[in-house]
Trainee: 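Structure in structure tokens, see below.
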Amino acid sequence: MIELVHVTKTFQNSWTALKDISFELEKGEFVFLIGPSGSGKSTILKTIMMEILPDEGLVKVAGFGSDCIKARDVPKLRRKLGVIFQDFKLLPDKTVYENVAFALEVTGAPEKSIHKKSMAALNEVGMSHKRHSFPYQLSGGEQQKSAIARALVNDPFILLADEPTGNVDPAGTLEIIQILKNINAKGTAVLMATHEHELVKKMPHRVIELEAGAIIRDMPGKSHYRRGSHTENE
Ligand SMILES: Nc1ncnc2c1ncn2[C@@H]1O[C@H](COP(=O)(O)OP(=O)(O)O)[C@@H](O)[C@H]1O
Ligand SMILES: [Mg+2]
């Protein structure tokens, strides 16, 4: 589904942001990508979106390859991915509903389906009652929930979340995590980047840990993706 094979990326300032990164994400997996600020988390997410292409190695996403993807195919790939950010990136002059509906409008979705799908996505994150609010009228948690609805409305196979709780209070953070779990339970894969190690410690999911652009740990999930019922550590 998603595979990085010996990916290396050096920026023009000669800083090597990613060093020989290899991992694979399975369909429907929930994975945390952790590491301190500057360790390469956002750069990995950008290589998956093919916003950044590796200098060496290969990124494979949903049948597209970083070695051969055409510029005109990049929007096609993006449409298969849901993405949320620390700063939400909601359009400030549109309501919550309009932000979500807009993500469908730009794909040329039929008029009839736009309302139905937008409302379903807003219901899923518990934001339909605030659909007529503008982003500035909402808390950080509410803005992120709206951004999640927008990311889900095109039915992506994976949600990429870059520090989604960075501007959200502790109660909102738990809510966001719960929403991501619910989305994952319905079959959408989730790759969440965060520097908040404490948040991740209590979770049963796979954790990929970065340090200075390299993977220092890739720990399988404790229960979710295990075949059979034995529980010893892997
Ligand atoms: N466009 C860029 N140009 C130059 N350096 C960059 C660029 N993007 C990221 N970097 C550098 O690459 C490293 C990894 O960045 P990033 O992936 O954003 O880390 P993280 O998301 O883990 O905080 C940092 O040192 C950062 O300064
Ligand atoms: Mg980052």
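Residue numbers count from 1 along this sequence. In listed order, ligands and their atoms are each counted from 1. FYI, side chains are in, hydrogens and waters are out, and symmetry mates aren't considered; it's all heavy atoms of this structure.
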Trainee: Find all atoms of ligand 1 within a distance of less than 4.0 Å from any non-hydrogen atom belonging to Ala17, and give their numbers and elements.
Mentor: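 Those atoms are 12 (O), 13 (C).
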Trainee: With a cut-off of under 6.0 Å to the ring centre and 45° to the axis, is Lys60 in cation-pi contact with Phe64?
Mentor: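 The answer is no; the distance or angle limit is not met.
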Trainee: Between Lys9, Lys41, Gln12, flag the one that comes closest to atom 22 (O) of ligand 1 by a heavy atom.
Mentor: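 Checking each option, the heavy atom nearest atom 22 (O) of ligand 1 is found in Lys41.
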Trainee: Do any of the N, O or S atoms of Ser42 sit under 2.8 Å from the Mg ion (ligand 2)?
Mentor: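 For Ser42, the answer is yes, given that an N, O or S atom comes within less than 2.8 Å of the Mg ion (ligand 2).
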Trainee: Under 4.0 Å, counting heavy atoms only: does Ser39 come that close to any atom of ligand 1?
Mentor: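 For ligand 1, residue contact (heavy atoms, under 4.0 Å) with Ser39 is present.
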Trainee: Under a 4.0 angstrom heavy-atom cut-off, which atoms of ligand 1 come close to Pro36?
Mentor: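 Going through ligand 1 atom by atom, the ones under 4.0 Å from Pro36 are 22 (O).
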Trainee: For atom 19 (O) of ligand 1, find the nearest protein heavy atom and state the residue, atom name and distance (0.1 Å precision).
Mentor: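 Of the protein heavy atoms, Gly40 N, 3.2 Å lies nearest.
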Trainee: Write out the residue and atom name of the closest protein heavy atom to atom 16 (P) of ligand 1, then the distance separating them to 0.1 Å.
Mentor: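 Checked against all protein heavy atoms, atom 16 (P) of ligand 1 sits closest to Thr43 OG1, 3.6 Å.
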Trainee: Check whether NZ of the Lys or CZ of the Arg Lys94 lies under 6.0 Å from the centre of the six-membered ring of Phe102 and within 45 degrees of that ring's axis.
Mentor: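 Pair Lys94/Phe102 counts as cation-pi.
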Trainee: Under 4.0 Å between a Lys/Arg side-chain N and an Asp/Glu carboxylate O for Lys41 and Glu163?
Mentor: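 Salt bridge flag = yes for Glu163 with Lys41.
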Trainee: Quick one: do Asp218 and Arg206 make a salt bridge, cutoff under 4.0 Å?
Mentor: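 Salt bridge: yes.
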Trainee: Atom 14 (C) of ligand 1: which protein heavy atom is closest, and how many Å away?
Mentor: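 Sorting protein heavy atoms by distance from atom 14 (C) of ligand 1 puts Gly38 O, 3.3 Å first.
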Trainee: Do any heavy atoms of Gly213 fall under 4.0 Å from ligand 1?
Mentor: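 It does not, in that no heavy atom of Gly213 comes within the 4.0 Å cut-off of ligand 1.
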Trainee: Tell me the closest heavy-atom pair linking Gly40 and Leu210, and the distance in Å.
Mentor: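 Closest approach of Gly40 to Leu210: C-CD1, 3.7 Å.
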Trainee: Which part of Ala193 is near ligand 1, with near meaning a heavy atom under 4.0 Å away: side chain, backbone, both or neither?
Mentor: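 The answer is neither.
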Trainee: What protein heavy atom sits nearest atom 13 (C) of ligand 1, and how far off is it?
Mentor: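 Answer for atom 13 (C) of ligand 1: Trp15 NE1, 3.5 Å.
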Trainee: Test Tyr97 against every option in Lys130, His132, His115 by the side-chain hydrogen bond (donor to acceptor under 3.5 Å, both in side chains) rule and name the one that passes.
Mentor: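 When side-chain hydrogen bond (donor to acceptor under 3.5 Å, both in side chains) is applied between Tyr97 and each of Lys130, His132, His115, only His115 qualifies.
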Trainee: Any donor and acceptor pair, going by atom type alone, linking the side chain of Asn184 with main-chain N or O of Gly28 inside 3.5 Å?
Mentor: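 Yes, Asn184 side chain to Gly28 backbone: donor-acceptor pair under 3.5 Å.
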Trainee: Would atom 27 (O) of ligand 1 count as contacted, meaning some protein heavy atom under 4.0 Å?
Mentor: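 Under the 4.0 Å cut-off, atom 27 (O) of ligand 1 has no protein heavy-atom neighbours at all.
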Trainee: Quick one: nearest non-hydrogen protein atom to atom 1 (N) of ligand 1, plus distance?
Mentor: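 The closest heavy atom on the protein side is Phe11 CE2, 3.6 Å.
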Trainee: Check this for me: does any side-chain nitrogen of one of Lys145 and Glu142 sit under 4.0 Å from a carboxylate oxygen of the other?
Mentor: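 Between Glu142 and Lys145 there is no salt bridge, as every charged N stays at least 4.0 Å from the carboxylate O atoms.
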Trainee: For atom 18 (O) of ligand 1, grab the closest protein heavy atom and report residue, atom and distance to one decimal in Å.
Mentor: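 Result: Ser42 CB, 3.6 Å.
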Trainee: Is any NZ, NE, NH1 or NH2 atom of the basic residue among Lys186 and Glu124 found under 4.0 Å from an Asp or Glu carboxylate oxygen of the other?
Mentor: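 A salt bridge is present here (some side-chain N lies under 4.0 Å from a carboxylate O).
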